[in-house]
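One structure is given below, encoded as structure tokens.
Chain identifiers are assigned alphabetically (A, B, ...) following the order of the sequence lines, protein sequences preceding nucleic acid strands; residue numbering begins at 1 within each chain. Predicted model, so just to flag it, every value in this text is computed and none were measured. Scope of the values below: all heavy atoms of this structure, side chains included, with no hydrogens, waters or symmetry mates.
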Protein chains: 2
Amino acid sequence: MPPPAPGDREARRKDVSEAVWQVLAARGFGGLTLRAVAAAMGVSTGMLTHYFPSKRALVTHALDLLEENTAQRSRRARPSAGLGGARAVLLDLLPLTPADAGRSRIWVSSWDLSLADDALSAQQADRYTRLRATLRPFFETARARGEIPAGDPEHLAAAAVAFAHGLVVQALFAPGRFPEEVQIAMLDDFLTGLTLPRPPAGGGGPSPGR
Amino acid sequence: MPPPAPGDREARRKDVSEAVWQVLAARGFGGLTLRAVAAAMGVSTGMLTHYFPSKRALVTHALDLLEENTAQRSRRARPSAGLGGARAVLLDLLPLTPADAGRSRIWVSSWDLSLADDALSAQQADRYTRLRATLRPFFETARARGEIPAGDPEHLAAAAVAFAHGLVVQALFAPGRFPEEVQIAMLDDFLTGLTLPRPPAGGGGPSPGR
DNA sequence: CGGTACGTAACAAACGTTTGGTATGTAAAA
DNA sequence: TTTTACATACCAAACGTTTGTTACGTACCG
């Protein structure tokens with residue numbers, strides 16, 4: 001086999017990153033070792049270090065690529081503006097198929113490492129900020145169209161992201177209890193709750209029965 | 001210092017578990033080593049193995065104790081039945097104070113290990129089942145009282161848990177953006193959405209603008 | 001004495017990283 | 001065209017460190 005042409009270097013790094021995803025999906029970050037990645041590719045650990053100077057560089061690049069993948073996927077086939085668009089973005093976050101579950105799994109697993117590392121923690125916070133920023137225009141349009149009552153779009157985006165990611169975690173641990181149609185129904189119920197006309201805000205929570 | 005009286009063995013194991021929490025909160029599961037725990041206590045690794053036969057036993061006991069702690073705390077001061085009670089349970093899940101944030105942090109970090117281990121994964125799924133079961137009666141009462149419209153209480157519990165835990169993750173990565181009052185306001189907004197009267201369910205999502 | 005409660009020290013295994021070497025290519029020099 | 005030079009791609013092996021675990025020693029107490 002001829003060695004890859006010079007310029008395929010970035011393609012080879014992508015191959016390595018995919019092997020990293022494979023190991024992460026199977027064993028999590030606690031089981032991510034250079035030897036495991038090398039074995040998954042059928043190569044040596046020296047090959048990995050030839051393309052990445054350190055394990056950390058390898059991990060961050062794999063995560064960057066995974067995010068880029070996800071972003072590209074959600075940019076395709078955005079059906080509409082307004083609330084329907086927000087629904088499409090949120091559907092992309094859910095582990096509806098086994099492939100999506102693998103991606104979600106890796107993100108959830110990465111939180112352990114991210115919470116322990118300031119740089120990764122900031123990166124993850126940025127990801128959330130970007131995600132909310134992606135969602136916000138849809139809610140603004142929805143409000144302009146009268147699909148939802150008045151309310152801060154940024155708050156709505158944060159709430160929607162919270163709901164989606166909390167559902168992701170529950171679904172990952174109990175896929176049998178949260179099949180595709182249940183996840184979608186729950187998301188639609190949540191979005192329906194946003195569309196309803198609200199009474200003027202009173203202090204101290206929603207009729208806190210005390 | 002005299003050695004602890006015989007019978008304090010369980011108390012000593014609790015001391016060790018608290019040191020485990022300390023290390024987990026600071027460095028996550030990826031940084032949890034016997035030597036780090038021993039150093040946090042100012043003892044030797046031999047002392048740890050005297051009370052726990054293996055690292056796994058040490059970790060599972062620390063997590064068991066942490067869950068027991070959380071359950072006890074949320075059993076205290078449950079203000080009311082109905083929606084207000086559900087609100088109190090959910091507030092206990094949120095990282096409102098730094099101490100709560102530490103606990104939440106450990107749970108989120110544990111998901112990496114749990115997703116890679118079948119036994120721990122089942123344990124985590126059980127925890128979610130118990131949490132939903134804890135929440136369900138409050139929604140049933142709320143429905144009986146007319147605080148919320150008709151709807152499956154189990155679904156409502158799953159949705160509420162999802163929202164709360166998704167908010168936990170976002171708040172852990174950006175505590176500055178989600179201070180106590182913002183978290184509480186978001187939770188109350190979510191609960192308010194549950195109280196609103198719903199139109200009869202139509203197929204295909206909430207006015208999906210297509 | 002006998003048992004509990006440790007500390008000390010060592011163990012093999014696994015880790016990330018480094019090194020040395022062997023192909024295989026391209027490109028300029030002869 | 002042949003030769004020399006040099007870079008790329010990779011493997012195999014070893015490095016020193018850190019890991020969980022085990023064995024052994026000592027001090028205290030009943």
Side-chain angles (χ1 to χ4, degrees), chain A residues 1-24 26-63 109-110 112-113 116-117 119-120, chain B residues 1-24 26-63 109-110 112-113 116-117 119-120:
Chain A
M1 179 171 31
D8 279 9
R9 187 174 172 87
E10 204 52 40
R12 211 83 178 93
R13 280 166 56 101
K14 181 177 177 180
D15 293 343
V16 173
S17 293
E18 285 174 4
V20 171
W21 299 341
Q22 212 175 311
V23 173
L24 283 179
R27 305 197 234 171
F29 274 82
L32 179 70
T33 67
L34 297 189
R35 284 166 176 81
V37 176
M41 294 185 73
V43 299
S44 71
T45 65
M47 183 269 197
L48 302 181
T49 66
H50 180 65
Y51 288 101
F52 293 95
S54 69
K55 179 184 179 180
R56 187 190 175 86
L58 187 151
V59 171
T60 58
H61 188 256
L63 288 182
S109 292
S110 76
D112 178 39
L113 194 67
D117 184 294
L120 293 179
Chain B
M1 179 170 32
D8 279 10
R9 189 176 172 84
E10 204 51 40
R12 212 84 178 93
R13 281 167 54 101
K14 182 177 176 181
D15 292 344
V16 173
S17 294
E18 285 174 4
V20 172
W21 301 341
Q22 214 174 309
V23 174
L24 283 179
R27 305 199 233 171
F29 274 82
L32 179 69
T33 67
L34 297 188
R35 283 164 177 83
V37 175
M41 293 185 73
V43 299
S44 69
T45 66
M47 184 269 195
L48 302 181
T49 67
H50 181 67
Y51 288 101
F52 294 96
S54 69
K55 179 184 180 180
R56 187 188 175 87
L58 186 151
V59 171
T60 59
H61 188 257
L63 288 182
S109 292
S110 75
D112 177 39
L113 195 68
D117 183 293
L120 293 180

Please report, rounded to the nearest Å, how far the C1' atom of D/dT8 is from the CD atom of A/Glu10.
16 Å
Interatomic distance where CZ belongs to A/Phe52 and C1' belongs to D/dA9 [whole Å]:
15 Å
N/O donor-acceptor pair under 3.5 Å between B/Asp112 side chain and A/Phe29 backbone
yes
Would you kindly give the NE2-to-C1' distance between B/His50 and D/dA23, to the nearest whole Å?
15 Å
Just to be sure I understand the rule, does A/Thr33 reach a base, reach only the sugar-phosphate, or reach nothing, if contact means heavy atoms closer than 4.0 Å?
sugar-phosphate
A/Thr45 near the nucleic acid: base, sugar-phosphate alone, or nothing, with a heavy-atom cut-off under 4.0 Å?
base
So which nucleotide from D/dA12, D/dT21, C/dT18 ends up closest to the side chain of B/Thr49?
D/dT21
Taking all heavy atoms of B/Gly31 and all of B/Val23, pick out the closest pair and write down the distance.
O-CG1, 3.8 Å
Run A/Ser17 and A/Tyr51 through side-chain contact (heavy atoms from CB on, under 4.5 Å) and show every step you take.
CA-CA 11 Å; A/Ser17 293; A/Tyr51 288 101; over 6 Å; no
Whole-Å distance separating the CE atom of B/Met41 from the P atom of C/dG7
9 Å
Using a cut-off of 4.0 Å on non-hydrogen atoms, how would the nucleic acid contact of A/Leu58 be classed: base, sugar-phosphate, or nothing?
nothing
Considering all heavy atoms, the nearest A/Ala40-A/Gln22 contact
CB-NE2, 4.3 Å
Whole-Å distance separating the CZ atom of A/Arg35 from the P atom of D/dC11:
14 Å
Let's see if you can work this out: which of C/dG7, D/dC10, D/dT21 has an atom nearest to the side-chain heavy atoms of A/Met47?
D/dC10
Reckon B/Arg12 has a side-chain N or O less than 4.0 Å from the OP1 or OP2 of C/dT4?
no
When the distance from CZ of A/Arg13 to P of D/dT8 is rounded to whole Å, what number comes out?
14 Å
Please indicate whether B/Arg13 has more than 12 foreign heavy atoms, meaning atoms of other residues, nucleotides or ligands, lying under 6.0 Å from its CZ.
yes
Are B/Tyr51 and C/dC6 close enough that a side-chain N or O sits under 4.0 Å from OP1 or OP2?
yes
Once you round it to whole Å, what is the distance between P of D/dT22 and CG of B/Leu48?
14 Å
What is the distance, rounded to the nearest whole Å, between atom CZ of A/Phe29 and atom P of C/dG16?
13 Å
B/Leu32 near the nucleic acid: base, sugar-phosphate alone, or nothing, with a heavy-atom cut-off under 4.0 Å?
sugar-phosphate
